[in-house]
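In what follows, a single structure is set out as C-alpha cells and then discussed.
Within every chain, numbering begins at 1; the chains are lettered A, B, ... in the order of the sequence lines, protein sequences first and strands thereafter.
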4 protein chains.
Amino acid sequence: MADGDAAATARPKTRIGAANIDRILDAALTAFAGHGLRGTRIEQIAEAAGMSKTNLLYYFRSKDDLYRAVLTRMLDIWLKPLRELDAARGPEASLTAYIEQKLEHSRRFPEASRLFAIEIMQGAPHLSHVLETELAELVDRKIGIVNGWIAEGRLAPMDPRHLLFMIWATTQHYADFATQIRALTGKGLEDEAFFGETRQAVVGVILRGVLTR
Amino acid sequence: MADGDAAATARPKTRIGAANIDRILDAALTAFAGHGLRGTRIEQIAEAAGMSKTNLLYYFRSKDDLYRAVLTRMLDIWLKPLRELDAARGPEASLTAYIEQKLEHSRRFPEASRLFAIEIMQGAPHLSHVLETELAELVDRKIGIVNGWIAEGRLAPMDPRHLLFMIWATTQHYADFATQIRALTGKGLEDEAFFGETRQAVVGVILRGVLTR
Amino acid sequence: MADGDAAATARPKTRIGAANIDRILDAALTAFAGHGLRGTRIEQIAEAAGMSKTNLLYYFRSKDDLYRAVLTRMLDIWLKPLRELDAARGPEASLTAYIEQKLEHSRRFPEASRLFAIEIMQGAPHLSHVLETELAELVDRKIGIVNGWIAEGRLAPMDPRHLLFMIWATTQHYADFATQIRALTGKGLEDEAFFGETRQAVVGVILRGVLTR
Amino acid sequence: MADGDAAATARPKTRIGAANIDRILDAALTAFAGHGLRGTRIEQIAEAAGMSKTNLLYYFRSKDDLYRAVLTRMLDIWLKPLRELDAARGPEASLTAYIEQKLEHSRRFPEASRLFAIEIMQGAPHLSHVLETELAELVDRKIGIVNGWIAEGRLAPMDPRHLLFMIWATTQHYADFATQIRALTGKGLEDEAFFGETRQAVVGVILRGVLTR
DNA sequence: TATGAATGAGACTTCATTCAT
DNA sequence: TATGAATGAAGTCTCATTCAT
C-alpha cells in the first residue's frame, strides 16, 4: 500500500517521460516494421504516439537514434527463446518447447520479427556487431547441446546450425510473411485454431525430421 | 510487314535501348533489394547502370514505374519452381526436386528473394493482387497434388499449405538471411560445399518429416 | 521597513541572482564574441554559465535581451579610455597615455573588442544610436583638444578624426586579429615581452608620425 | 568579330553555369560579410542571385561549401597587395604604394575585407591553414625587405611585423569600421575627397613614423 | 537518346521560447 | 529560482521529377 502510494506520487516527471518513451517506441516499432527506416517519417511516429514531432525529438535526438533504440529494446525479446533452450529435458521436449516459444513470439511480436528481418536482409547495418558477438556466442553454446543429442544417437547427424536455421525460418515465416499467408489461407496466427494447426505441423515435421526413430 | 521487318532486323537504337533497360533493371534489383523502395535513390541506380539520372527517367517515367518493372520481371522466375512441381514422379522425387530448385534459386537470385520478402513484409502493396490471384490459383492446383499423395498414404496427413510454407521458409531463408548465416557460419550458398550440406540438411529433414515410413 | 531591512541585509536570493547574472554575462560575452549573435546558442551560454537554458531565460527574457545587456555592460569600459583623453599634459604624454590605455584594453578585454568590432562590421544594428549620439559627442569634444594642439603647432596638421581612427585601428587590431597575429608571430598581448614591444612600436610610430619635430 | 561570335554561341551551357556561379558568389559575399555564416540564410543568397534556393544548392552542395568557395575566391585578391610589395623603389615609394593599394582595396572590396575580418575574429576556423602556411611564408619574405631597409638605416629599427600590422590595421579599418566612420564623419571611402584625405593622413603618419629623418 | 539546369515537395533538425510545476 | 516538457517557426538539405536543348 505504502509502496503503491509512493509510486503513484513520488515520480511524476519521470513517469511522464517514461510513458512517452514507451509510446514512442511502440509507435516506432510499428512504423519501422511497416515502412523501413527511410520509408518512415518522424512525424508519422509522433502522430501515432500522440505528440508533436518536436517533442518526440526532445526524447530522441534523431531518427537514427530512435531506430537504434527500437532495435535495442527488441533485442532481448528476440534472443530470449534461444537463451531458454536447454538440454535438461531431452531433445523431443526441448525442441518442441523451443519451436512453440518461437511461434508464440511470431504471434505476439510479429512487428519485431519483421523489423529484424528487414534489418538483416539489408545487410544488418545496425546489427552486424550483435550478430557477430552476442548471437554468435549464444549459438555456439546451444550447438553444444544439440551435438550432445546427436552424439547420444537421439538426433539424426547434421550440423546443428542448419537445424537452428530451419526452426528460425519456419517459425518466423508465419510473422514475416503473414501477408502472403493471409492471402493464401485467409488466416493468421492470431486465429487460435490456425495457430494450433500451425504448431502441430511445424513441430511435427521438424521433430519427425530430426529425431531418430 | 514493315513493322515486323524493322523489329526483326533489330535496329541499333532499339538494341541499345534494350541493353540499357537490362542494365537499369539489374541495377535496380540490387538497389531495391538492398535498401527498399524508399531507401533507394534513383541516382544510385543510374550510377550503377552507367548513365545519368535523367536518362534513366527517359526509360522509366518514375521510380515507382521502375520498381514495378523490377517486380514484374522477377515474377516469372519467382513462380517457376512451384509451376514445375508435378505429381508424375511421386512425392519423394518431386519434393526433393522442388526443394532443390528453390535452393538453387536462393543461390542464383538472392536479391530477387529479398526483394519479394521485403515487399511482402511491408504488406505487399505492389503485389497483393498477384498473391490473391495468380499465386493463389497456382497454390490451389499444387495442393491437389499433395493431397493426392496424402490420400494415398504416402505423406503424413497435414494441410499441404503448411508444407509449402515450410519449404518456402527454409529455402528462402538462406537467401534472405544470408547476412546472419554468414555471421554465424562464415559461409553462404555460393560456397559449393556449404550449398551441398544445406541441401542435404533441408531435404533430409523435410522428407523425413513428411514421408510416411 | 521590513522591506528596506531585508534589502539592506543582502538577502541570499538576491545575491545569488546577481552572481548568476554576472556569470551569464561573462559567458555570453565569450560566446557572442566568438560566434556572433546568430551563431551563438542560448544553451551554449547557459552551459558555460553553469545553469539550465530555462533558468537563463528567467534572468533574460530573450536572446536579444541578453545580447543588448552584454553590449551595454561593455559600453562604459569601451568608451572609458577616450573619455580620459585630456589636454592637460600636452600631446606627447596624452597620446602616449591614450594609446597605452587602448592597448591595455586590448589585452584585458579582447572579447569585448571583438564583440564591438563584429557588431559594427555588420552595420551596428544594436549600436548605431550610440555611435551617432554618445560616441559622436564624445569624439567632437576630444577633437577640440587635438585641434588645439595642431593650432599650437605641436601636431602636424590633419583631421583629428583620422588620428583617432588610426589609434583605434592599430590598438584594437591586436585584440581583433589576435588569431592572425598568433599565426604569424606565435605570440599575443598576454605575453609581457610582446606587449611591451607592441606598445613601443605603436606609440613610437604614431607619435613620430604626428608630433612636429 | 569571329571571336565574339564564337564566344556568343559556342559554350551555352558552360556560360550559363559560370554566370550563375558568379552571381551566387557575389550575392554570398555580400550576405556573409553582412550577417556572418550562421546569420545568413541560403534562401537570402538565392534570392539576391535571382534563382531558387534549390538551384543554388545545385551549384553548391551546402552552405558551408559556398562559404568556403567565397573565401577561396577572395583569397588571391586579399593577398595581392602584399605580394606586390617590393624593394626596388626604396622604402618611401614602396610603402606609399603598398598603403595606397591597401586603401584602394578597402574602397573596392570592403565586403571582402569584412568577411576576412569576421572570419579571423572568430578564430579563423576555415582559414587557419592559410594563415599558417601561405600568409606566413609571404610575410616572412616581405619582412626581409623591410629588415634590409632598417639595416641600411632608412627605417627606424623595429620588428617589421608590427609595421605590417599597423598598415593592415589602419587601411582595413576604413572598410571594416565603415559604419562607425560614417556615423562620425558622414563619409566613406567611396567619397573621392574623403578617400584622398584619408590616404594623405595614413600615408603621412606612417611614413613620418617609420622613415628616419 | 542523352544530359545539364531547374524546381517543389518534402523530411530532418535546430533553436528560441513558453508552459507547468 | 530552477527545471523538465513541449512547441512552432525556421532553416538546411534531399530527392523525384520536369524543362530545355
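Of the two residues contacting DNA chain F, namely A:Asn55 and D:Arg61, the nearest-nucleotide position lying further toward the 5' end is that of A:Asn55. Taking for each of A:Leu56 and C:Gly50 the nucleotide of DNA chain F with the nearest heavy atom, the 5'-most of the two is the partner of C:Gly50.
A donor N or O paired with an acceptor N or O is found under 3.5 Å between the base of E:dT17 and the side-chain atoms of C:Lys53.
Here the CG-CD distance, from A:Leu57 to A:Glu43, works out to 10.5 Å after rounding to the nearest 0.5 Å.
Remark: C1' of F:dT12 and CG of D:Leu66 are 13 Å apart, rounded to the nearest angstrom. We find that CD1 of A:Ile42 is positioned 6 Å from C1' of E:dC12, with the value rounded to whole Å. Following rounding to the nearest Å, D:Phe60 (CZ) and F:dT12 (P) show an atom-to-atom distance of 16 Å. The separation between D:Glu43 atom CD and F:dA9 atom P is 16 Å, rounded to whole Å. Regarding B:Arg23, its CZ atom lies at a distance of 13 Å from the P atom of E:dT1, rounded to whole Å. Atom-to-atom, CD of A:Gln44 to C1' of E:dA11 comes out at 11 Å; the value is rounded to the nearest Å. Here the P atom of nucleotide F:dG4 and the CE atom of A:Met51 are 18 Å apart, to the nearest Å. Atom CZ of B:Phe32 and atom C1' of F:dA16 are 12 Å apart (whole Å).
Side-chain nitrogen and oxygen atoms of D:Tyr59 include at least one within less than 4.0 Å of the OP1 or OP2 phosphate oxygen of E:dA6. In this structure, C:Asn20 reaches the F:dA2 phosphate: one of its side-chain N or O atoms is under 4.0 Å from OP1 or OP2. For C:Tyr58, a side-chain nitrogen or oxygen approaches OP1 or OP2 of F:dT1 to under 4.0 Å. Taking side-chain N and O atoms only, C:Arg38 has no distance below 4.0 Å to OP1 or OP2 of E:dA16.
When distances are taken from the side chain of A:Leu57 to each of F:dC13, F:dT3, E:dT14, the shortest belongs to E:dT14. The side chain of D:Thr54 lies closest to E:dA9, out of E:dA2, E:dA9, E:dA16. Considering only side-chain atoms of C:Lys63, the nucleotide from E:dT17, F:dC15, F:dT17 that sits closest is E:dT17. The A:Ser62 side chain lies nearest to E:dT13 when the options are F:dT17, E:dT13, F:dC13.
Pairing for F:dC15 goes to E:dG8, judged as Watson-Crick or G-U wobble with the two contacts each under 3.5 Å. Using N1 to N3 plus N6-O4 or O6-N4 for Watson-Crick, or N1-O2 and O6-N3 for G-U wobble, each under 3.5 Å, E:dT21 pairs with F:dA2.
C:Ile42 places none of its side-chain heavy atoms less than 4.5 Å from the side chain of C:Phe60. Contact check for C:Leu29 versus C:Arg73: no side-chain heavy atoms found under the 4.5 Å cut-off. Between A:Val70 and A:Leu66, the closest side-chain pair of non-hydrogen atoms falls below 4.5 Å.
Aromatic ring pairs are classed by plane angle as parallel below 30°, tilted from 30° to 60° and perpendicular above 60°; the pair B:Tyr67 and B:Phe32 is perpendicular.
A salt bridge links D:Arg68 with D:Asp65; the closest basic N to acidic carboxylate O contact falls under 4.0 Å.
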